[in-house]
A.B. asks: 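Below: one structure in structure tokens.
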2 protein chains.
Amino acid sequence: MTRDSRLEELYTAARMYYGDERTMESIAGELRVSRSTVSRMLRDARDAELVTISLRPPEAQRVEELARRISRLYGVQVHVVPSAPGDDQRERLRSVTEAGGALLDEMLEPGTTLGIAWGTTMAALLGTVRSRPVPGLRIVQLNGAINTEGSGLTYIATVLAGAATRWDATVHQFPVPAFFDFPATREAMWRERSVQRVLATQREATVAVFSVGAFDAEVPSHVYTHNYLTREDLSSLRSDGAVGDVCTVFLRADGTYRDIALNQRGSGTAPDRLLRIPRRLLVASGSRKALPLRAALRAGVATDVVVDEITATSLLSLR
Amino acid sequence: MTRDSRLEELYTAARMYYGDERTMESIAGELRVSRSTVSRMLRDARDAELVTISLRPPEAQRVEELARRISRLYGVQVHVVPSAPGDDQRERLRSVTEAGGALLDEMLEPGTTLGIAWGTTMAALLGTVRSRPVPGLRIVQLNGAINTEGSGLTYIATVLAGAATRWDATVHQFPVPAFFDFPATREAMWRERSVQRVLATQREATVAVFSVGAFDAEVPSHVYTHNYLTREDLSSLRSDGAVGDVCTVFLRADGTYRDIALNQRGSGTAPDRLLRIPRRLLVASGSRKALPLRAALRAGVATDVVVDEITATSLLSLR
DNA sequence: AAGTGCGGTGCACGAACGTGCAAGACTGGT
DNA sequence: ACCAGTCTTGCACGTTCGTGCACCGCACTT
């Protein structure tokens with residue numbers, strides 16, 4: 001008796017027992033052996049891992065159901081991270097960025113150019129990356145991060161550099177303000193070769209990762225707290241109907257953004273340019289982000305989305 | 001009692017029973033219910049699919065073991081298709097192309113540019129694609145297919161068009177000979193704008209799919225049977241030590257190809273250009289293909305490989 | 001040819017399990 | 001407050017299952 005044909009027999013017995021839910025007695029009759037032999041065959045089949053019994057926690061089902069519905073509505077791949085009832089917003093952000101980081105890690109292959117839009121969520125996400133060299137990985141910032149007081153650059157540079165070290169990647173920083181004071185400056189800068197070089201690298205990105213900002217998120221977005229915007233800016237945004245931002249480009253609830261005044265002065269990568277990046281991962285946590293998240297999805301900026309369960313529920317309950 | 005908390009209880013019981021292999025009696029004691037209740041809880045847990053019992057045919061294991069070994073040796077993702085002992089070569093080709101087609105389908109996302117190298121295997125593979133529109137999908141031929149008598153184009157065009165229809169894709173044909181008679185003609189043509197355009201599209205490919213040709217495969221490769229090569233060509237190849245081809249570019253057993261004379265006249269995409277395509281799927285069936293397959297893997301042309309079990313075994317038994 | 005060790009098999013018994021049944025708990029209506 | 005209907009639980013019984021033990025056949029040794 002070869003090893004293989006024995007496995008075949010074990011498999012047959014296992015199929016009759018677990019698959020067809022027959023009794024050992026009846027299987028024994030058919031195979032012309034004693035019932036105890038069948039009992040032993042089944043044990044061996046389990047040991048040989050011909051039969052695997054897997055447990056799936058109930059949250060997996062809730063979460064898959066949510067993911068399916070969002071996926072159907074907006075045509076994106078969705079990963080919903082389960083959140084225990086007790087979890088506060090910080091804990092949910094942690095688990096979402098962890099899941100997002102793992103997913104991002106899967107997307108990186110040798111030679112990838114990765115675009116990153118700066119923000120609170122991304123800082124947390126980059127903190128989760130484990131050490132794994134990705135040959136030829138380039139990281140390029142998708143938006144400027146300098147604000148009106150001091151640069152804010154050091155913090156960003158530190159976090160980016162940390163991740164870059166663990167991936168063994170090169171970083172292409174984008175040393176411009178998040179928002180210029182005058183549209184003309186932006187236009188002028190965009191003609192500069194140093195900026196052109198970064199913009200070119202952005203165009204070569206094959207993977208992008210970013211979040212959405214909300215005006216009143218639980219964990220406030222960088223843009224709305226760190227002196228990036230004046231009071232006048234905020235009221236201008238409100239009157240333009242903006243609900244949040246992607247890559248520091250502001251969006252209305254319906255996903256439009258072109259005629260929002262402030263966008264003329266922002267340095268972020270707008271949806272039309274983002275859409276040229278093949279794989280675009282949006283990571284978001286916080287039910288307040290549901291509205292801008294929907295705007296982002298309507299603008300089609302993401303191919304993959306990672307959200308926590310509560311945010312997913314909020315998103316689906318928007319009317 | 002909410003629906004969710006009941007599921008939690010069911011899950012707890014299921015974990016204790018199937019996970020920790022405890023007896024219903026003991027679980028009943030801990031949960032302070034009767035044993036029969038536990039029995040019913042377990043039934044409900046199974047019904048709710050908190051517990052799934054899956055059967056894995058023994059061939060899955062053989063196949064995964066082979067895939068793991070090849071994967072480790074050549075650093076590619078491998079899918080080995082099991083073949084029943086009775087299967088002849090045609091049947092194996094069918095199952096491999098079917099699996100390859102399914103894998104390719106997963107790789108296609110909106111906006112993909114797909115490079116296809118023409119050949120017998122690809123014809124079979126394209127025949128398996130199911131109808132699923134992929135917005136913005138472009139298909140570009142990676143090698144010319146015209147031979148010395150008649151064009152051979154109609155057949156290719158038909159098969160390509162069939163797949164393109166089912167994907168709702170546009171086809172960019174490459175209307176040049178598989179092999180020019182004179183290297184100079186190739187150089188001249190390569191300067192033509194019409195050819196340049198196709199070459200540019202090839203460079204934009206994000207997914208490539210191709211097979212390997214072997215001099216003496218069971219199902220003979222197109223190139224060696226359809227008047228693509230003269231007797232002189234074949235003897236020249238032999239003296240250059242070629243063992244087969246990828247994309248109608250000939251390779252030696254060690255994966256080198258640059259100084260093989262005939263390659264100066266071929267229109268196929270050479271490994272160096274192929275390597276710039278992010279995702280490269282190699283589909284091959286037939287133990288005779290093992291040698292050129294190894295050459296292809298040594299040249300690093302594939303990121304993903306689909307082979308049948310027998311071919312995989314042959315590949316691993318090469319010394 | 002007899003001896004020896006070993007993997008596999010059936011028997012028999014006790015443990016583990018599924019399920020019909022009746023009693024109790026709960027719900028919603030009068 | 002009472003009742004009818006439904007759902008849940010525990011009990012009891014018959015079934016199904018795991019396993020220690022004795023036995024058998026085979027291979028290999030002496």
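Sequence lines set the chain letters: A, B, ... in the order given, protein chains first and strands last, and positions in each chain run from 1. Computed from heavy atoms alone, side chains included, the values below leave out hydrogens, waters and symmetry copies. In this text, all values refer to a predicted model and were calculated from it rather than measured experimentally.
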A.B. asks: Would A:S34 and A:T37 count as having a side-chain donor-acceptor pair, cut-off 3.5 Å?
C.D. replies: yes
A.B. asks: Axis-to-axis angle across the helix from C:dA1-D:dT30 to C:dT30-D:dA1, five pairs an end, to 10 degrees?
C.D. replies: 20°
A.B. asks: Whole angstrom is fine here: how far is it from CE in A:M41 over to P in D:dT19?
C.D. replies: 17 Å
A.B. asks: Using a cut-off of strictly less than 4.0 Å, decide whether A:Y17 has a side-chain nitrogen or oxygen near OP1 or OP2 of D:dC17.
C.D. replies: yes
A.B. asks: Could you state the CD-C1' distance from A:E9 to C:dT9, rounded to the nearest angstrom?
C.D. replies: 14 Å
A.B. asks: Within a strict 4.5 Å, meaning less than it, do heavy atoms of the A:L281 and A:V207 side chains meet?
C.D. replies: no
A.B. asks: Output one line per pair: protein atom, nucleotide atom from nucleotides 8-12 of chain D, and distance, for all N/O pairs under 3.5 Å.
C.D. replies:
unit_1: D:dG10; atom_1: OP2; unit_2: B:S34; atom_2: N; d: 2.8
unit_1: D:dG10; atom_1: OP2; unit_2: B:S34; atom_2: OG; d: 3.0
unit_1: D:dG10; atom_1: OP2; unit_2: B:T37; atom_2: OG1; d: 2.7
unit_1: D:dG10; atom_1: N7; unit_2: B:R40; atom_2: NH2; d: 2.9
unit_1: D:dG10; atom_1: O6; unit_2: B:R40; atom_2: NH2; d: 2.8
unit_1: D:dC11; atom_1: N4; unit_2: B:S36; atom_2: OG; d: 3.4

A.B. asks: Provide, to the nearest angstrom, the distance between the CG atom belonging to A:D44 and the P atom belonging to D:dC17.
C.D. replies: 16 Å
A.B. asks: Out of B:V306, B:V212, B:D304, which one pairs with B:L282 under the side chain to side chain contact (heavy atoms under 4.5 Å, CB included) rule?
C.D. replies: B:V212
A.B. asks: Below 4.0 angstrom from OP1 or OP2 of D:dC17, is there any side-chain N or O of A:T23?
C.D. replies: yes
A.B. asks: Taking A:R92 first and then A:E309, would you say they form a salt bridge - that is, a charged N and a carboxylate O separated by under 4.0 Å?
C.D. replies: no
A.B. asks: Looking at A:R280, is its backbone amide N or carbonyl O close enough to the side chain of A:T303 to form a donor-acceptor pair, meaning the two atoms are under 3.5 Å apart?
C.D. replies: yes
A.B. asks: For A:S285 and A:Q89, which I'm curious about, is there any donor-acceptor pair between the side chains at under 3.5 Å?
C.D. replies: yes
A.B. asks: Nearest whole angstrom, please: distance from the C1' of D:dC17 to the CE of A:M24.
C.D. replies: 6 Å
A.B. asks: Given 3.5 Å as the limit, does a donor-acceptor pair link the side chain of B:R132 with the main chain of B:D105, or not?
C.D. replies: yes
A.B. asks: Write down the distance between CD (B:E21) and P (D:dG18), rounded to a whole number of angstrom.
C.D. replies: 11 Å
A.B. asks: To the nearest Å, give me how far apart CD (A:E25) and P (D:dG14) are.
C.D. replies: 18 Å
A.B. asks: Is a side-chain donor-acceptor pair under 3.5 Å present for B:S54 with B:T52?
C.D. replies: no
A.B. asks: Could you state the atom-to-atom distance from CZ of A:R43 to P of D:dT19 in whole Å?
C.D. replies: 7 Å
A.B. asks: Give a yes or no on whether the backbone of B:L93 and the side-chain of B:T97 come within a donor-acceptor separation of less than 3.5 Å.
C.D. replies: yes
